[in-house]
Amino acid sequence: MNSFSNSAFARFFTEFPKLLLAQLINAVAFAVFTALFVLIGYLTGFNNIIVWCLGIIPSMPFFVGLVMTVRKIGIEKKDVPVAKTFFGTVKENFKAFSLLGSSLAYGSMLTVYVLFSLILTSMMFYVPIMSVTYELKISDIYKNSFILVFGNILKNILAMLFFIAVSLGFILWIAAAEGAMLVIAITVAVLFYPLIATYGVNVIIAKGLQENVGSFTGKDLLVDKEFEEKVEKIVEQQAVERADSSNDYVFVNGKMIKRESNTADSKTEK
């Protein structure tokens with residue numbers, strides 16, 4: 001029961017207020033930058049979806065804040081301050097993720113090429129969480145993301161199906177809604193869609209990512225430290241056992257100390 005209550009699925013609901021706060025910050029940033037480029041398109045006469053999509057570029061660094069919050073709460077099972085985690089991550093990754101935003105904007109314009117879009121989308125599952133987790137060059141992040149698209153196929157398919165199902169659900173709801181319901185549908189989509197999609201995708205791919213690239217929970221380091229301590233104790237024990245009984249000093253806990261029994265024997269002889 002305890003394992004279930006601490007599972008990623010259960011924590012989505014128990015930690016939902018924090019997750020929602022992170023998504024609200026992300027949604028506000030996306031709405032502001034998208035509205036800005038819609039206004040630019042209207043004022044310049046280039047009022048089309050290509051110009052509107054340029055809002056993704058400046059808003060993308062804020063998405064990484066959502067990714068980090070999801071990682072900490074949903075995968076690492078940590079209790080972290082949302083605002084500090086969110087904006088700290090945005091600050092650290094602003095430059096790199098502005099470039100990533102350009103890639104996503106470009107990718108959204110080429111969705112007619114289905115295969116390319118699927119590969120690109122699968123890569124985008126990995127790029128954000130890898131960027132906030134590992135200290136790698138941006139070129140290595142893209143290279144590893146591309147490799148993982150084909151090296152973790154089953155998980156990628158599951159993540160893609162989840163992503164498509166959630167996206168399609170919101171799209172169909174918005175397409176079928178009218179009047180006040182349309183406003184509600186759009187509002188709910190802006191508030192909840194990025195959070196649900198990001199949470200589900202990252203939980204699905206997290207295990208395969210750690211198996212192929214490296215753990216980001218610190219467990220591997222703890223295991224190595226425990227192993228080193230065990231080896232050190234064994235070496236010390238063997239050193240003590242090999243020490244000759246006539247010696248005045250023995251090796252204990254990394255130090256040479258005087259043997260008490262020998263000292264007592266000397267006093268007795270005197």
Side-chain angles (χ1 to χ4, degrees), residues 7-31 34 49 52-53 55-56 59-60 62-75 82 86 97 100-101 103-105 107-132 145 148-149 152-178 181-209:
S7 65
F9 178 79
R11 285 181 66 84
F12 178 81
F13 298 98
T14 58
E15 300 296 327
F16 185 75
K18 289 186 176 182
L19 294 169
L20 180 59
L21 175 58
Q23 167 51 24
L24 285 174
I25 300 172
N26 176 57
V28 169
F30 178 77
T34 300
I49 192 171
W52 301 344
C53 285
I56 296 175
S59 65
M60 193 61 202
F62 291 88
F63 174 69
V64 74
L66 176 62
V67 172
M68 176 61 87
T69 305
V70 166
R71 198 199 89 180
K72 291 290 186 182
I73 294 176
I75 300 173
V82 175
F86 190 100
F97 271 79
L100 175 60
S103 299
L104 286 177
S108 65
M109 301 172 194
L110 298 177
T111 51
V112 64
Y113 300 102
V114 178
L115 182 59
F116 174 79
S117 296
L118 289 175
I119 295 175
L120 180 62
T121 303
S122 295
M123 287 180 62
M124 292 306 105
F125 290 163
Y126 291 98
V127 171
I129 194 169
M130 287 182 64
S131 298
V132 301
S145 298
L148 284 168
V149 169
N152 200 21
I153 293 179
L154 293 179
K155 291 291 185 180
N156 291 335
I157 292 175
L158 183 59
M160 183 65 71
L161 290 175
F162 176 84
F163 178 76
I164 292 174
V166 174
S167 303
L168 190 59
F170 279 103
I171 291 173
L172 292 178
W173 185 21
I174 293 173
E178 295 181 356
M181 185 56 67
L182 177 59
V183 176
I184 294 174
I186 294 176
T187 302
V188 172
V190 171
L191 290 177
F192 296 104
Y193 167 69
L195 172 59
I196 295 173
T198 302
Y199 193 94
V201 167
N202 280 280
V203 167
I204 291 171
I205 68 173
K207 184 177 180 180
L209 176 61

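These figures come from a predicted structure and were not determined experimentally.
- Taking every heavy atom of both residues into account, L66 and Q23 meet most closely at CD2-OE1, 3.3 Å.
- A search for side chain to side chain donor-acceptor pair (under 3.5 Å) contacts involving N202 returns nothing, not counting sequence neighbours.
- By the side chain to side chain contact (heavy atoms under 4.5 Å, CB included) test, A177 is found to be paired with M181, L182, A185, residues two or more places apart in sequence or in another chain being considered.
- When all heavy atoms of A189 and I174 are compared, the closest pair comes out as CB-CD1, 3.9 Å.
- The shortest heavy-atom contact between V64 and P128 is CG2-O, 4.4 Å.
- For L161, the side chain to side chain contact (heavy atoms under 4.5 Å, CB included) test picks out I157, with sequence neighbours left out.
- Taking all atoms of both residues into account, the shortest heavy-atom contact from A8 to G74 is CB-O, 3.6 Å.
- Residues I205 and L148 are not in side-chain contact: their nearest non-hydrogen atoms beyond the backbone lie 4.5 Å or more apart.
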side-chain contact (heavy atoms from CB on, under 4.5 Å) between T198 and F63, intermediate numbers included: CA-CA 9 Å; T198 302; F63 174 69; 3.3 Å; yes
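- If you take NZ on K207 and CG on L209, they are separated by 13.0 Å, rounding to the nearest 0.5 Å.
- V188 pairs in a side-chain contact (heavy atoms from CB on, under 4.5 Å) with only one of the listed residues (L191, I184, I186), which is I184.
- With sequence neighbours left out, I164 forms a side chain to side chain contact (heavy atoms under 4.5 Å, CB included) with M160.
- Considering OG of S145 and CG of L120, their distance stands at 10.5 Å, rounded to 0.5 Å.
- Without hydrogens or angle criteria, E15 side chain to A10 main chain gives no donor-acceptor distance under 3.5 Å.
- Residues meeting the side chain to side chain contact (heavy atoms under 4.5 Å, CB included) test with F16, sequence neighbours left out: F12, L20, F192, L195.
- Residues in residues 64-75 take part in these side-chain hydrogen bond (donor to acceptor under 3.5 Å, both in side chains) pairs, two or more places apart or across chains: R71-E76, R71-T133.
- By the ring pair (Phe, Tyr, Trp, His ring centres under 6.0 Å) test, F30 is found to be paired with no residue, residues two or more places apart in sequence or in another chain being considered.
- Within the 4.5 Å cutoff, the side chain of V127 has no heavy atoms near those of the M130 side chain.
- Minimum interatomic distance between M123 and V149 (heavy atoms only, all atoms of both residues): CG-CG2, 3.5 Å.
- For the ring-ring contact (aromatic ring centres under 6.0 Å, His included) criterion with F163, the lone passing option out of Y199, F170, F125 is F125.
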Pair V166-F162, side-chain contact (heavy atoms from CB on, under 4.5 Å): steps then yes or no: CA-CA 6 Å; V166 174; F162 176 84; 3.8 Å; yes
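- T187 pairs by the side chain to side chain donor-acceptor pair (under 3.5 Å) definition with nothing, not counting sequence neighbours.
- The line from CG of N26 to CG of L21 is 11.5 Å long, rounded to the nearest 0.5 Å.
- Every residue two or more places apart in sequence or in another chain was checked for a ring pair (Phe, Tyr, Trp, His ring centres under 6.0 Å) with F86, and none qualifies.
- The side-chain hydrogen bond (donor to acceptor under 3.5 Å, both in side chains) contacts involving residues 119-130 comprise Y126-N152, Y126-N156, where partners must be two or more places apart or lie in separate chains.
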